[in-house]
Structures are given as structure tokens and as C-alpha cells.
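Structure, as C-alpha cells:
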Amino acid sequence: QVQLVESGGGLVQAGGSLRLSCAASGSILSINVMGWYRQAPGKQRELVADITSGGNTNHADSVKGRFTISRDNNKNTVYLQMNSLKPEDTAVYYCNVQGTAPWYRPFNYWGQGTQVTVSS
């Protein structure tokens with residue numbers, strides 16, 4: 001079993017900043033990719049950013065220059081630094097972790113989601 005605990009969401013005004021964290025624990029041999037997705041009411045869940053174990057990152061065009069994904073491999077934790085927040089960033093943000101469990105079983109887990117609300 002793998003557990004993901006998200007934190008850092010909240011209510012901020014436009015132009016403000018938030019830092020999301022997602023810590024993975026449990027039966028883990030290695031983590032390959034960690035990412036952040038978001039879903040707004042009435043919209044499809046979309047990729048915000050992801051990062052590989054080697055540090056290669058990918059950010060959605062809508063957040064480039066404003067959001068930065070990073071990870072601490074020693075703590076199995078991924079972060080999303082969100083600056084210059086806009087009302088359209090309002091959504092539930094979900095952490096996603098892909099890796100290998102004992103017996104070399106691949107896993108793909110989602111966090112519980114954390115609400116980010118940006119007011120205008």
C-alpha cells in the first residue's frame with residue numbers, strides 16, 4: 001500500500017502564492033514520476049506539471065513561468081510552488097505518484113486532493 005498526503009491548499013487573492021506538498025509513504029521501492037493535476041467544476045482533470053526521478057520537468061502551458069514543480073527524493077515528496085495565481089487556477093489539485101512497490105509491482109496512486117481557490 002502507498003499513502004499520499006497532500007497539504008498547502010487554501011484561499012488566496014489573485015497575484016498571491018501557495019506551495020503544495022505531497023508526501024508518499026508505505027510500500028515503496030522507488031518512485032519514477034510525480035505530478036500534479038487539477039480539476040475545476042465542470043472541467044476535465046488536466047496535468048499541471050510532473051517531474052521524473054532524474055529531475056526532468058514538464059509544465060502545462062497555462063502555468064509556465066508561474067508554477068514550479070520540484071521533488072525531494074529522500075523524503076518521497078513533491079512540491080508545487082504556485083506564484084502569480086489567477087482566478088482560473090481555482091481547482092482541486094491532485095498529487096499523482098508512479099513507481100515500483102515490493103516484488104517489483106508498478107503502482108500509480110492519487111492523493112485525496114486539496115482545494116485551491118483564487119479570488120479576484
Side-chain angles (χ1 to χ4, degrees):
Q1 291 183 272
V2 176
Q3 295 82 42
L4 304 180
V5 179
E6 298 182 30
S7 62
L11 173 64
V12 298
Q13 292 185 321
S17 298
L18 287 172
R19 182 175 174 85
L20 305 183
S21 299
C22 176
S25 62
S27 300
I28 300 171
L29 289 180
S30 63
I31 293 177
N32 298 323
V33 182
M34 307 182 83
W36 289 96
Y37 293 72
R38 67 185 181 187
Q39 186 167 26
K43 294 185 177 181
Q44 186 178 12
R45 184 175 298 187
E46 64 177 353
L47 174 69
V48 178
D50 58 22
I51 184 168
T52 69
S53 60
N56 294 320
T57 62
N58 174 55
H59 295 79
D61 289 341
S62 60
V63 305
K64 285 182 178 178
R66 299 188 298 118
F67 293 8
T68 303
I69 191 170
S70 62
R71 66 189 291 174
D72 184 335
N73 290 338
N74 292 328
K75 297 182 178 180
N76 287 339
T77 300
V78 63
Y79 306 94
L80 185 67
Q81 179 66 48
M82 304 186 294
N83 298 325
S84 301
L85 283 161
K86 304 175 180 179
E88 50 263 45
D89 295 319
T90 296
V92 177
Y93 284 69
Y94 296 91
C95 175
N96 175 256
V97 178
Q98 303 171 43
T100 303
W103 299 96
Y104 300 96
R105 184 176 73 254
F107 67 82
N108 187 333
Y109 281 95
W110 293 89
Q112 80 280 5
T114 184
Q115 177 71 48
V116 172
T117 302
V118 184
S119 64
S120 59

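Side chains included, hydrogens not; waters and symmetry mates left out as well; all remaining heavy atoms used. What you see is a predicted model, and the numbers here were worked out from it, not measured in a lab.
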Exercise for review: For side-chain contact (heavy atoms from CB on, under 4.5 Å), just list the numbers for Ile28 and Asn76, CA-CA rounded to whole Å, side-chain angles, deciding distance to a tenth of an Å, and then say yes or no.
Suggested key: CA-CA 9 Å; Ile28 300 171; Asn76 287 339; 4.3 Å; yes
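A tilted orientation is assigned to the rings of Phe67 and Tyr93, their planes being inclined by 30° to 60°.
Listed for the Thr117 side chain is no donor-acceptor partner under 3.5 Å among the backbone atoms of Thr90. Looking at Gln115, its side chain never comes within 3.5 Å of a backbone N or O of Gly9 through a donor-acceptor pair. Side-chain atoms of Asn96 come within 3.5 Å of backbone atoms of Tyr109 as a donor-acceptor pair (strictly under, hydrogens ignored). Formation of a donor-acceptor pair under 3.5 Å by the Gln81 side chain with backbone atoms of Thr68 is not found in this model. Counting only distance, with no hydrogens or angles, the side chain of Arg71 and the backbone of Asp50 share no donor-acceptor pair below 3.5 Å.
Trp36 places none of its side-chain heavy atoms less than 4.5 Å from the side chain of Met82. Using a 4.5 Å heavy-atom threshold, the side chains of His59 and Ile69 count as touching. Contact check for Arg38 versus Asp89: side-chain heavy atoms found under the 4.5 Å cut-off. Side chains of Val116 and Leu20 form a contact here, defined as non-hydrogen atoms less than 4.5 Å apart. Side-chain contact between Asn58 and Leu47 is present, with heavy atoms from C-beta onward closer than 4.5 Å.
A salt bridge links Lys64 with Asp61: the closest approach of a Lys/Arg side-chain nitrogen to an acidic carboxylate oxygen falls below 4.0 angstrom.
No hydrogens or angles considered: nothing links the side chains of Ser53 and Asn32 as a donor-acceptor pair under 3.5 Å.
When hydrophobic clusters are built by joining Ile, Leu, Val, Met, Phe, Trp and Tyr residues whose side-chain heavy atoms come closer than 4.5 Å, directly or via intermediates, Val118 is not grouped with Val92. In this structure, Tyr37 is not a member of the same hydrophobic cluster as Val63, with clusters built from ILVMFWY side-chain heavy atoms closer than 4.5 Å. Both Leu80 and Leu85 belong to a single network of hydrophobic side chains, linked directly or stepwise wherever heavy atoms of I, L, V, M, F, W or Y lie under 4.5 Å apart.
Across all their heavy atoms, Ala101 and Ser27 have their closest contact at CB-O, 3.5 Å. Nearest heavy-atom pair across Gln3 and Gln1 is NE2-CB, 3.4 Å. Between Pro87 and Ala14, the shortest heavy-atom contact is CD-CB, 4.1 Å.
Considering OG of Ser7 and OH of Tyr79, their distance stands at 9.0 Å, rounded to 0.5 Å. With rounding to the nearest 0.5 angstrom, the CH2 atom of Trp110 is 10.5 Å from the CG atom of Leu4. One distance of note links CD1 of Ile51 with CE of Met34; it measures 9.0 Å at 0.5 Å rounding.
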